[in-house]
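Data first, discussion second: the structure below is written as structure tokens.
Counting convention: from 1, in listed order, for ligands and their atoms alike.
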Amino acid sequence: MNILVNGPQGSGKTTQAKLLAEKYNLNFLDSGSMLRESFDTDLGKKAKEYMDKGAYVPEDIYFQILKQFIETKCDKSKGIIMTGFPRTVAQIPFMENELNIKLDHVIDLKVSPEEFMKRLELRRDLEKRDDETPKAIRSRLLEHERKTGPVIDYFREQGIVLEVNGEGSIEDIHQNILNSISK
Ligand code: AMP
């Protein structure tokens, strides 16, 4: 089983994806963490320059880091649960044709703008990241909406998008996701 969890920054998508990976015994890819963990490599250093500005990492750099991750960190006999990839429509053919991943479900976490800002404020207090200045956050939010909207639309046409209420406790949301997958 291959699953994409989508949601804006602060939606809890990484936490939920991790829980699902444990529940279904799947490989786990959090695109942002993968990139941050590559910062001590030459490619990772290049990626960081874009991330610090709140921009997406260009595909030629991103795909190399991703391919390496899939080859070295993933168990090929298992499916995968991903967040943050594919993030643009242009990344979908790479997933399907180069990595041979066909999605079974796309979980689209829905969070109201008020709840969203609240969570972001909380997280910013907890972990200081270079790419979490207010300006970078705004830029990322806009870019997320502009670029992932078409990704979700692409999978909606295939009938595999599950819209899930992303408000409530971590356990509540996890349960909402499990319910919608088993329907
Ligand atoms: P995230 O932790 O998912 O919010 O990602 C942090 C940053 O990593 C993003 O703002 C982008 O700069 C970069 N990034 C993550 N995923 C991708 C992707 N699929 N393609 C390009 N850049 C990405």
Side-chain angles (χ1 to χ4, degrees), residues 2-21 27-71 73-74 80-103 106-111 113 115-155 166:
N2 299 312
I3 303 177
L4 165 66
V5 180
N6 182 62
Q9 185 201 18
S11 65
K13 63 180 179 219
T14 309
T15 306
Q16 291 301 329
K18 219 177 270 173
L19 287 173
L20 289 177
N27 291 303
F28 172 62
L29 162 69
D30 172 33
S31 183
S33 303
M34 171 192 76
L35 291 169
R36 285 187 288 278
E37 279 159 22
S38 76
F39 281 172
D40 57 349
T41 67
D42 287 346
L43 277 170
K45 283 192 185 84
K46 285 190 202 156
K48 185 175 189 301
E49 286 174 27
Y50 293 90
M51 292 168 71
D52 285 348
K53 288 185 284 195
Y56 281 8
V57 177
E59 253 115 54
D60 56 330
I61 301 170
Y62 181 76
F63 288 158
Q64 289 184 66
I65 297 175
L66 178 59
K67 199 149 191 193
Q68 225 160 23
F69 177 91
I70 297 283
E71 277 165 9
K73 302 267 165 68
C74 291
I80 188 165
I81 180 143
M82 307 182 288
T83 62
F85 171 79
R87 207 136 164 164
T88 64
V89 170
Q91 293 181 355
I92 296 173
F94 186 83
M95 174 187 79
E96 294 185 336
N97 305 327
E98 298 285 324
L99 303 176
N100 267 317
I101 297 173
K102 299 271 186 294
L103 293 178
V106 175
I107 310 291
D108 194 18
L109 289 178
K110 296 293 182 194
V111 179
E115 172 72 15
F116 176 76
M117 284 314 289
K118 218 164 65 192
R119 289 190 198 176
L120 215 59
E121 292 292 321
L122 263 178
R123 199 171 87 175
R124 219 166 29 202
D125 289 344
L126 292 176
E127 41 172 281
K128 299 266 181 245
R129 276 169 32 186
D130 289 349
D131 59 347
E132 290 213 328
T133 62
K135 197 168 161 219
I137 287 168
R138 260 197 308 278
S139 156
R140 279 158 68 180
L141 263 179
L142 285 176
E143 207 165 352
H144 182 86
E145 264 174 39
R146 193 163 55 82
K147 290 198 173 155
T148 61
V151 173
I152 300 305
D153 289 346
Y154 174 92
F155 293 117

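For the pair Gly84 and ligand 1, the shortest N or O to N or O distance falls below 3.5 Å. In terms of polar-atom proximity, Gly54 is not counted as a contact of ligand 1, lacking any N or O under 3.5 Å from an N or O of the ligand. Checked by distance only, ligand 1 and Arg87 come closer than 3.5 Å through their nitrogen or oxygen atoms. At a 3.5 angstrom cut-off on N or O pairs, Phe85 does not count as close to ligand 1.
Scanning all heavy atoms of the two residues, the minimum distance from Arg87 to Thr148 falls at O-CG2, 3.5 Å. The shortest heavy-atom contact between Gly44 and Thr41 is N-OG1, 3.0 Å. Closest non-hydrogen pair, Gln16 versus Leu109, comes out as CG-CD1, 4.3 Å. In terms of heavy atoms, Pro86 sits closest to Leu4 at CD-CD2, 4.1 Å.
The shortest distance between side-chain heavy atoms of Met34 and Leu66 falls below 4.5 Å. Two residues are said to be in side-chain contact when any heavy atoms from C-beta on lie closer than 4.5 Å; Met51 and Arg36 meet this criterion.
Residue Glu59 does not touch ligand 1, judged by heavy-atom distances below 4.0 Å. Residue contacts with ligand 1, taken as heavy atom pairs separated by less than 4.0 Å, do not involve Ser33 at all. Contacts between Leu35 and ligand 1 below 4.0 angstrom, taking non-hydrogen atoms only, involve the side chain exclusively.
Between Lys102 and Glu96 there is no salt bridge, since no side-chain nitrogen of the basic residue lies less than 4.0 Å from a carboxylate oxygen of the acidic one.
Using a 4.0 Å cutoff on heavy atoms, Tyr62 counts as a contact of ligand 1. Using a 4.0 angstrom heavy-atom cutoff, Met34 does not count as in contact with ligand 1.
For ligand 1, the atoms lying closer than 4.0 Å to a non-hydrogen atom of Tyr56 are 12 (O), 21 (C), 22 (N). Close approach of ligand 1 to Arg36 is summarised as follows: ligand atoms under 4.0 Å from at least one heavy atom of the residue are 2 (O), 6 (C). Near Ala55, meaning under 4.0 Å from any of its heavy atoms, are these atoms of ligand 1: 11 (C), 12 (O). Counting atoms of ligand 1 from 1 in the listed order, those under 4.0 Å from a heavy atom of Ser31 are 15 (C), 16 (N), 17 (C), 18 (C), 19 (N).
The aromatic rings of Phe85 and Tyr62 lie tilted to each other, with the angle between the two planes from 30° to 60°.
In this structure, Phe69 has no ring-ring contact (aromatic ring centres under 6.0 Å, His included) partners at least two apart in sequence or on a different chain.
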